[in-house]
**Q** 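Shown below is the structure under consideration.
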Amino acid sequence: MQGVSSYSGIVDGAFWYILGISAVLLVGITIVMIWFAFRYSVKRNPNPAQIHGSVALETLWTVIPTLLVLSMFWYGWTGFKRMRDVPQEAMLVKVTARMWSWSFEYPDGRRSQELVVPVGRPVRLELLSKDVLHSFFVPAFRLKEDAVPGRTNHAWFQADKAGSYDLLCAEYCGDQHSKMLGTVRVLPDADYATWQANPPAMVTGPELLAAKGCTTCHSQDGSRMVGPSFKGLMGRKEMVVQTDGESEVTVDEAYLRRSILEPKAQVVKGFDPVMPEQRDLLSDEELDEIIKVLQGL
Ligand code: CUA
């Protein structure tokens, strides 16, 4: 697929350059090898002449590959530098990765589940992870950068064509890794201004569970996934593991609230403490809505 970022041409150029050289060498060496095996077999040469070194040949096969490899390095390096130097005027978006979804925060405090940007303008991404190593990968932009827990990584892109592009996680991050998908929506300036001016209506009802990634780990039909099922949740008695041992809790609003904001405080026995804290990922209204939906299930 054709790249649509301002630097995708350089990435593709370096890729085809290295692939081309590799292909020529592979074919060339294979042909020469087969020819030599045939031409210089012992059958045809019962009394071979011995050769002891050739300065000309050895110089050639040292100098040519060195130049080739240096040219590959130069090609890759100039492209890499371009991809690391973020233009001054770039707009900033904070990207938060967690098991197993992406979320985005804009300078005006707005948040979204898909990345929405204007066409033809540079965007600086600050990449954070709430839990484990993830990798922000947009093939159409030729952009891939790790989101590392405990540090902020950066990347940037400028999309030169409006459209919707796939966002993937390119680092194995647990059993739902392949479902850690997202979308980058690149809008023409006018549409972007409209998007900016109209804060989206909050997703409500059961769809909010999917939008916030809850349903990747919690089933609604009682089946066991990464976390306990939502089925029959309210009023259920659960043994939980906490720092000072185990205790029994009855699932009520207070327990749900705590389990969403600080999931590791009281983990239902038999499950791993892998859920990331949702404190900065949900607004107060969204938290209230999720509780309401869970109570209604
Ligand atoms: Cu996140 Cu794979």
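All values below come from the heavy atoms of this structure, side chains included, with hydrogens, waters and symmetry mates left out. Whatever order the structure lists ligands and atoms in, that order sets their numbers, starting from 1.
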**Q** Is any N, O or S atom of Ser135 under 2.8 Å away from atom 1 (Cu) of ligand 1?
**A** no

**Q** Do Glu114 and Arg185 sit within salt-bridge range, that is, some charged N less than 4.0 Å from a carboxylate O?
**A** yes

**Q** Among His177, Met180, Gln176, His134, which residue satisfies the side-chain contact (heavy atoms from CB on, under 4.5 Å) criterion with Met99?
**A** His134

**Q** When you draw lines from atom 2 (Cu) of ligand 1 to SG of Cys173 and to O of Glu171, what angle lies between them, to the nearest 10°?
**A** 110°

**Q** Hey, is atom 1 (Cu) of ligand 1 within less than 2.8 Å of some N/O/S atom on Cys169?
**A** yes

**Q** Could you go step by step and tell me if Gln158 and Tyr7 meet the side chain to side chain contact (heavy atoms under 4.5 Å, CB included) rule?
**A** CA-CA 8 Å; Gln158 174 179 317; Tyr7 52 62; over 6 Å; no

**Q** Checking one value in my table: which N/O/S atom of His134 lies closest to atom 1 (Cu) of ligand 1?
**A** ND1

**Q** Determine the interplanar angle of the Tyr40 and Phe36 rings, folded into 0 to 90°, and report it as parallel if under 30°, tilted if 30 to 60°, perpendicular if over 60°.
**A** perpendicular

**Q** With a 4.0 Å cut-off, would you call Asp288 and Arg257 a salt bridge?
**A** yes

**Q** Specify which N/O/S atom of His177 comes nearest to atom 2 (Cu) of ligand 1, by atom name.
**A** ND1

